[in-house]
Amino acid sequence: MPEAKTLRLILGDQLNSNHQWFARPEPNAAYVLMEIRQETDYVTHHIQKIAAFFAAMRHFAERLRSKGHQVLYLPLDDPENRQDLGGNLRELVRKHGFQRFEYQWPDEYRLDRQLLQLIAELGIPAQAFDSKHFLTERHEVGDFFKGKKRFLMESFYRFMRKKHDILMEQGKPVGGKWNYDRKNQNPYDGKAPIPKPLVFSNNVSDIYQMIQKTSLKTLGQIDPQNLIWPISRPQSLKLLDYFVENLLPLFGSYQDAMTQANWHLFHSRLSFSLNTKMISPKELIDSAVSAWQEHPAQISLPQIEGFVRQILGWREYMRGLYWELMPELFEMNYLSHQGKLPQFYWTGETKMNCLKQVVSQSLRHAYAHHIQRLMITGNFALLAGVEPARVDEWYLGIYIDAVQWVELTNTRGMSQFAEGGLIATKPYASSARYIKRMSDYCESCTYDWKKRHGLNACPFNSLYWHFFERHQNRLANNPRIGMAYRTWAKMDAKEKRKTLAQADAYGQNLDQL
């Protein structure tokens, strides 16, 4: 009896050429990839993000065809494109007579729900498969923390180190310590030259013209003849090799540093390749650990541990918590913030140099590293009382690596403290003092980082104290921020009044800062 004619769906973040599906061509199986308004329009995306996703999808489709697989591809401007997942799949099943539907589990809750509903409507047998990308099962993190009040990443990270035998020696961490985070918090001091970034010159002019023709709303800038991001597995592997050879030796030391003279520092910039599955987390870890083992004099233990912690610990932890907390996570707003996102998040036009630098860099490259996101743009939105949903939309749109499972969990759980401490043990709020210590942004700023109030006082300072004052009933008992409240309690009453008045004035005029 012949095998059923099967339609297999590949989403834009499922470009894993090593998946079991692609081991050999199957005459009765056809793969479909589609560019649809359902995915381009739910937030306003950076134009480089859309171009990179579409270019990577098109390259993947051509790679499959070259290996003998049958591929159906729906460009955004195809007249037969229904512009939504369900409409296209129903039409393809009808038109081509498919008798079976298969897909890989999506990494976003909304797509997971949509596909579960859709398979009930298609009227043909359906089956879902693991994407074979992550180092944990979808619900493994939730199971690990079952019955716990808080989800402490460090305990999960240690479990993962043991489970996968990474940086372990006879059951104990290499070097005797699990975590070298304190050695990963240095400001950039200029002592080590920063290598030039490896960038690509991918010509996406055809995609750019299609975006213009279809009046797709985007943000940010692009050079369509020279898209710098990797759009294929070979380019992704090349970027990985470059990171391991040139940047890993100092990655850990300066991973939290910020400097306006350089937008990439020693970061790998592999998150887009990872989140589209062109490469796997295991490949990253294995490559980095092998380099450390071969060159221990050049790559110290704190450098490699800092990188492994980001991939093996943080990334898997965030993905697992997303599935544990959804859909409730999407509605969480513990601090009841309702403010609007200031206009300068879309333009970079502000007198606050730190925000000007980070937002402008984000608009230019669709990229900022984790501390720029957490402690500059996220920190300010938190202090200003911006509604978390508005912050979500901005992060999800502007960054090339932003897919909901990682963006939402980081934003609600870390940046905006919207989950009330389930993930983050404290709000990641800071005054200008932290920004001054970790960057050179304050040196050329209109505002004075030392001043809480008065002419040109840095907005971060008064907003910082205003944040703790207005949320005292929710936060005062948190042991990790007790020092802030003790300092506030000791402050002169007149100084408090001036500081709060300054914060009120700034809060009423955020767009003018």
Side-chain angles (χ1 to χ4, degrees), residues 9-16 33-34 36-45 49 53 83-89 101-122 126-146 151 153 156 271-272 274-277 281 314-334 387-420 422-424:
L9 172 67
I10 303 173
L11 297 173
D13 63 350
Q14 294 178 339
L15 310 182
N16 177 9
L33 296 91
M34 58 183 80
I36 48 178
R37 298 297 292 246
Q38 170 188 312
E39 296 304 295
T40 61
D41 293 9
Y42 66 92
V43 297
T44 301
H45 295 281
K49 179 182 181 184
F53 263 95
Q83 301 302 338
D84 76 273
L85 193 59
N88 282 333
L89 289 175
F101 174 61
E102 296 179 350
Y103 67 98
Q104 296 173 35
W105 286 322
D107 292 316
E108 296 202 15
Y109 182 87
R110 63 185 176 86
L111 291 174
D112 189 66
R113 299 296 100 181
Q114 183 181 8
L115 281 163
L116 286 174
Q117 181 178 342
L118 182 63
I119 60 177
E121 300 170 357
L122 287 177
Q127 184 177 358
F129 292 80
D130 195 311
S131 66
K132 299 295 183 182
H133 172 78
F134 293 95
L135 295 166
T136 50
E137 300 295 329
R138 184 185 274 186
H139 295 289
E140 190 170 348
V141 173
D143 291 342
F144 179 82
F145 288 110
K146 200 171 190 67
F151 307 121
M153 197 280 284
F156 172 73
S271 51
F272 175 71
L274 261 180
N275 291 353
T276 52
K277 302 181 181 59
W314 193 251
R315 187 171 185 268
E316 297 288 328
Y317 168 78
M318 284 283 114
R319 184 252 185 165
L321 290 185
Y322 174 81
W323 286 106
E324 175 67 13
L325 298 175
M326 284 295 282
E328 291 80 9
L329 180 64
F330 192 70
E331 303 295 334
M332 288 182 180
N333 187 0
Y334 176 73
E387 183 183 359
R390 297 177 186 267
V391 184
D392 281 328
E393 290 173 0
W394 185 79
Y395 277 121
L396 189 56
I398 200 168
Y399 292 120
I400 194 161
D401 56 8
V403 286
Q404 195 193 58
W405 68 265
V406 66
E407 179 280 321
L408 187 69
T409 322
N410 272 289
T411 301
R412 300 286 173 120
M414 289 289 292
S415 173
Q416 302 305 297
F417 202 67
E419 39 58 88
L422 287 172
I423 301 171

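We use all heavy atoms of the structure for the numbers below, so side chains are in, but hydrogens, waters and symmetry mates are not. Being a predicted model, the structure only gives us computed values, none of them experimental.
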Testing the basics here: between [X] and [Y], what is the closest heavy-atom pair and its distance to 0.1 Å?
| X | Y | answer |
| --- | --- | --- |
| Asp401 | Ser271 | OD2-OG, 2.7 Å |
| Gly397 | Lys49 | O-CD, 4.0 Å |
| Pro281 | Arg315 | CG-NH1, 4.0 Å |
| Met414 | Ala424 | SD-CB, 4.0 Å |

Is the shortest side-chain heavy-atom distance between [X] and [Y] below 4.5 Å?
| X | Y | answer |
| --- | --- | --- |
| Tyr322 | Gln404 | yes |
| Tyr395 | Ser415 | yes |
| Leu115 | Leu85 | yes |
| Leu396 | Tyr42 | yes |
| Ile119 | Tyr103 | yes |
| His133 | Gln14 | no |
| Asp112 | Trp323 | yes |

For [X] and [Y], indicate whether the former's side chain and the latter's backbone hold a donor-acceptor pair under 3.5 Å.
| X | Y | result |
| --- | --- | --- |
| Glu316 | Leu135 | yes |
| Gln127 | Glu102 | no |
| Lys277 | Asp13 | yes |
| Glu108 | Leu111 | no |

Check step by step if side chain to side chain contact (heavy atoms under 4.5 Å, CB included) holds for Phe53 and Phe272.
CA-CA 9 Å; Phe53 263 95; Phe272 175 71; 3.6 Å; yes

Does the gap between the ring centers of Trp405 and Phe134 come in under 6.0 Å?
yes

From [X] [atom1] over to [Y] [atom2], what is the distance, rounded to the nearest 0.5 angstrom?
| X | Y | atom1 | atom2 | value |
| --- | --- | --- | --- | --- |
| Leu321 | Phe156 | CG | CZ | 8.5 Å |
| Leu9 | Leu33 | CG | CG | 7.5 Å |
| Met318 | Phe151 | CE | CZ | 11.0 Å |
| Leu11 | Glu39 | CG | CD | 7.5 Å |
| Phe417 | Ile423 | CZ | CD1 | 10.5 Å |
| Glu137 | Asp130 | CD | CG | 5.5 Å |

Before accepting this row, confirm whether a basic side-chain N of the pair Arg37/Asp84 lies closer than 4.0 Å to the acidic partner's carboxylate O.
no

So, Glu393 and Arg390, do they make that salt bridge, N to O below 4.0 Å?
no

Counting only pairs under 3.5 Å, give me each side-chain donor-acceptor contact of residues 324-332, with atom names and distances, residues two or more places apart or in other chains.
none

For Gln416 and Thr411, does a side-chain donor sit closer than 3.5 Å to a side-chain acceptor?
no

Apply side chain to side chain contact (heavy atoms under 4.5 Å, CB included) to residues Phe144 and Tyr317 and explain how you reach the verdict.
CA-CA 10 Å; Phe144 179 82; Tyr317 168 78; over 6 Å; no

Criterion side chain to side chain contact (heavy atoms under 4.5 Å, CB included) on Val406 and Arg319, from CA distance to verdict:
CA-CA 6 Å; Val406 66; Arg319 184 252 185 165; over 6 Å; no

Cationic tip of Arg113 above Tyr109 ring, under 6.0 Å, 45° of axis
yes

